[in-house]
Amino acid sequence: MKATVIATFFGVFLTCTYTAKEATKKTKKAKLYVPQIDCDVKAGKIINPEFIAKCPPGCQDVKYRVYGTDIYASFSSVCNAAIHSGIIDNTGGKILVQKVAGHSGYRGSFSNGVRSLSLPRWRESFLVSEGKPRKGVTYPTTLEYSSSKSTTVKSEPKKPEQDLKGMKSADTANTSEKALEQGDTVRKENQTTPVPTPATQMATTTPTPMTTTTDPSTTMPQPTKTPAATRTTAAAAKTRPGLHRVRDMGSSSVHPAYASVVAAAARQVQAAQGRGQNTGVQRQEPVATFQRAASSPAHLAMETDSWKPGLSLFDTGFSSKEELNPKPLEPISQGNQNCKVDLSFLMDGSWSIGKRRFQLQKRFLGNVAQALGIGSAGPLMGIVQYGDDPSTEFNLKTYANSKDLRNAIEKIQQKGGLSNVGKALSFVNKNFFLDANGNRGGAPNVVVVMVDGWPTDRVEEASRLARESGINIFFVTVEAAAQSEKQNVIEPNFVDKAVCRTSGFYSINVPSWFSLHKVVQPLVKRVCDTDRLACSKTCLNSADIGFVIDGSSSVGTGNFRTVLQFVANISKEFEISDTDTRIGAVQYTYEQRLEFSFDKHSTKQDVLNAIKRISYWSGGTSTGAAISYASEQLFSKSKPNKRKIMILITDGRSYDDVSMPAMAAHQNGVIAYSIGVAWAAPDELEAIASDPAKEHSFFVDEFDNLYRYVNQLIQNICTEFNSQPRN
């Protein structure tokens, strides 16, 4: 009997042990949920410092750009970088991404079927490895994005009647992060005591009960203590960023799904009121109802207004007969479509300007905003105020019409301090024209600098770097340095050193602040003259361009002069100086000859004269050796902040290999264009050209047709520059 009991006990023990082991095993083997990302997702858009993600098939494409080798700039496509590094192939798969510090240079290369590009510097990098979790590291199951993607929002469980899944459209569902950002902004600025949690508040869509902070001794919600006047001002000021949010969604009208959501919400409120049920609207200060729901995308298509038009904002509640009365957002202004520029005003906030003149400056900026015709398809405008240090008052995407912009300008307070213009230009160059701040890429970047008297720091170097980044710089100087200031003048003739040298087009001097109104229209006319905005286009001032010219016997003397005319026609389109674009030239046969280097000529006329003087050499055709020679003799001496562009013209097949020298040039950051004439080999032209080859290689059947590609070549150079990331 005892043996039976022992055996039974032992059997139970073994069964329990086995069950426990199996449970533990199952727990250990619980799979990590790996979020999927799209091919176009860049590492910089993901907030998580380390994550595992799954890439879809088909990411091996030149449109998903990659910058660097082994270590990649965060502007790169995550999945295509993983293919370039050999972690996955074009069928997709899991990858592990780790963010690291930015680098001063990224080397391009061709690897695993992907051509990565070179980049001088970038603020953040990342590494890609096999998608296996590292020991002791917890990986997110949902990735957080800095913009345009949905973020994780923790919310309390909703009741069945609160679930709006059946009513949400695909368009509104994609705006959850924008809702989160805007809701958070309003919540932070409006409250001084705990208020309803936005994650559970659905005032703009359904009558969801609000979550309020309660006292331990009672279940009654505590009203906020913020003064009504303060709340009203803050709420009114913060409804406007929604304008840009709608513009970001690519629509200036209210989506039909919004109307159905609002109508359903209103019917639900009326039905609940008819039954005498609690609609979830507490009797408390109006600011609680004005707050936007972080988890509700519908508020992006309207301006939240839960009160009837005649209701005072100072009332403490509303009767059961009142209903939600959301107010649709008016369509965004398209603006002056003949003036599509991204504009930053550098506003002088130094103490030297004084309070009265600071008010005159604000009035001037407001008048300029009105005259420009701000709108989503026209000019966009932001303001940076400078003194000792610069700071952004608002960026390009904050306001989408002139009226709201003028109101915002009127509320700007003077910073004070010195007049550090150079520091302000550096700030704008590095921070203002980012995609995250509303930069549209294809629109020229323009900075208008307001200066009272004289800068207290140097502006030439900061201006040069900004212009090389493609920024048009205008100076509006008012009055001159006072007698007491002249002894402190650091940089005489600072305007001439700061702007493009184009006959005073980029500078306006006003004798008095009281005369500013006279230059509103002249300034607007210049800013909108996009054909003359030289500094935003690489075809005028941002490169070291080296021409590699075939001088072989098959070209002939007459055709060689035609090639030189082609080189001159391209060169004269550029803004040439020692601080702008520089031109160099190499002629080759079996041998190579440096005709002139980048630092030889500093004016356009000198360059054109030097091109005319190039004498025809005649000989064989060793194009590969010529590319290597140009890399060593021209581009190795290029300035660090310049883009290196090689334009090679040839009329036949090379006697040596061109692919390896071309690849070496690409890896060293040279952007190569190949121009083939007559008997030039298409496969060699493609090997010489940078990726994508179809945008960097051209062919004509005879030399007299070369002129046809002058404008196309320059347009491609400019388009490529405008699509480059701004560091």
Side-chain angles (χ1 to χ4, degrees), residues 120 464-465 467-470 500-502 534-551 555 560-588 592-617 623 626-650 665 668-675 688-690 696 698 706-707 709-721 724:
R464 181 181 66 81
L465 292 175
R467 286 189 285 113
E468 287 179 356
S469 295
C500 284
R501 298 150 179 80
T502 52
C535 293
S536 66
K537 302 172 183 176
T538 47
C539 48
L540 292 171
N541 80 325
S542 66
D544 280 345
I545 302 176
F547 290 94
V548 181
I549 306 168
D550 185 348
V555 175
F560 188 77
R561 303 315 302 175
T562 302
V563 171
L564 293 185
Q565 186 60 56
F566 174 71
V567 171
N569 288 343
I570 293 173
S571 299
K572 69 183 182 182
E573 293 298 323
F574 289 77
E575 187 69 26
I576 296 172
S577 75
D578 54 351
T579 57
D580 293 307
T581 284
R582 304 186 304 171
I583 305 291
V586 166
Q587 185 183 175
Y588 74 94
Q592 308 84 35
R593 183 169 73 195
L594 180 64
E595 300 293 352
F596 54 89
S597 58
F598 290 137
D599 58 1
K600 183 70 173 177
H601 305 293
S602 58
T603 69
K604 186 176 297 186
Q605 194 56 53
D606 286 347
V607 166
L608 296 178
N609 290 337
I611 293 170
K612 283 183 182 179
R613 290 194 297 267
I614 296 176
S615 60
Y616 176 47
W617 203 355
T623 308
I627 294 171
S628 297
Y629 181 86
S631 296
E632 295 168 6
Q633 298 299 318
L634 275 179
F635 295 108
S636 64
K637 300 169 184 177
S638 184
K639 287 186 177 182
N641 294 317
K642 296 288 188 183
R643 288 184 324 122
K644 296 179 282 190
I645 297 176
M646 178 175 70
I647 300 176
L648 184 144
I649 307 108
T650 182
N668 289 323
V670 175
I671 300 169
Y673 288 86
S674 57
I675 317 293
I688 294 167
S690 296
H696 293 83
F698 303 89
L706 275 173
Y707 74 94
Y709 282 112
V710 171
N711 291 334
Q712 182 65 52
L713 184 63
I714 292 170
Q715 183 179 347
N716 283 21
I717 291 173
C718 294
T719 302
E720 182 173 53
F721 173 76
Q724 291 272 321

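These values consider heavy atoms only, across backbone and side chains, with no hydrogens, waters or symmetry-generated copies.
Residues satisfying the side-chain hydrogen bond (donor to acceptor under 3.5 Å, both in side chains) criterion with Gln592, sequence neighbours excluded, are absent altogether. Take Tyr709 and apply the ring pair (Phe, Tyr, Trp, His ring centres under 6.0 Å) test, not counting sequence neighbours, and it matches Phe698. Every side chain to side chain contact (heavy atoms under 4.5 Å, CB included) that Asn609 has, sequence neighbours left out, goes to Gln605, Arg613. Residues that satisfy the salt bridge (Lys or Arg N to Asp or Glu O under 4.0 Å) test with Asp550, not counting sequence neighbours, are absent from this structure. In terms of the side chain to side chain contact (heavy atoms under 4.5 Å, CB included) criterion, Glu632 has no residue partners (sequence neighbours excluded). Considering only residues two or more places apart in sequence or on other chains, Ser597 meets the side chain to side chain contact (heavy atoms under 4.5 Å, CB included) condition with Leu594, Asp599, Lys600.
Contact check for Ser631 versus Lys644: no side-chain heavy atoms found under the 4.5 Å cut-off. Counting only heavy atoms from C-beta outward, the side chains of Thr650 and Tyr588 approach each other to under 4.5 Å. No side-chain heavy atom of Phe574 sits less than 4.5 Å from a side-chain heavy atom of Val607. Counting heavy atoms from C-beta on, the side chains of Ile549 and Trp617 never come closer than 4.5 Å.
When each of Ile671, Ile545, Ile627 is tested with Met646 by the rule side-chain contact (heavy atoms from CB on, under 4.5 Å), just one qualifies, namely Ile627.
Here the straight-line distance linking atom CD of Glu595 with atom CD1 of Ile583 works out to 14.5 Å at 0.5 Å rounding. Of the inter-residue distances, the one linking Leu634 atom CG with Phe547 atom CZ reads 11.0 Å to the nearest 0.5 angstrom.
Side chain of Lys604 to backbone of Ile576: no donor-acceptor contact under 3.5 angstrom is found. Checked by atom type and distance alone, the side chain of Arg561 pairs as donor or acceptor with a backbone atom of Lys612 at under 3.5 Å.
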### Message
Run Ile611 and Phe596 through side chain to side chain contact (heavy atoms under 4.5 Å, CB included) and show every step you take.
### Response
CA-CA 9 Å; Ile611 293 170; Phe596 54 89; 4.0 Å; yes

### Task
Run the numbers on Ile614 and Gln587 for side chain to side chain contact (heavy atoms under 4.5 Å, CB included), then give the verdict.
CA-CA 9 Å; Ile614 296 176; Gln587 185 183 175; 3.7 Å; yes

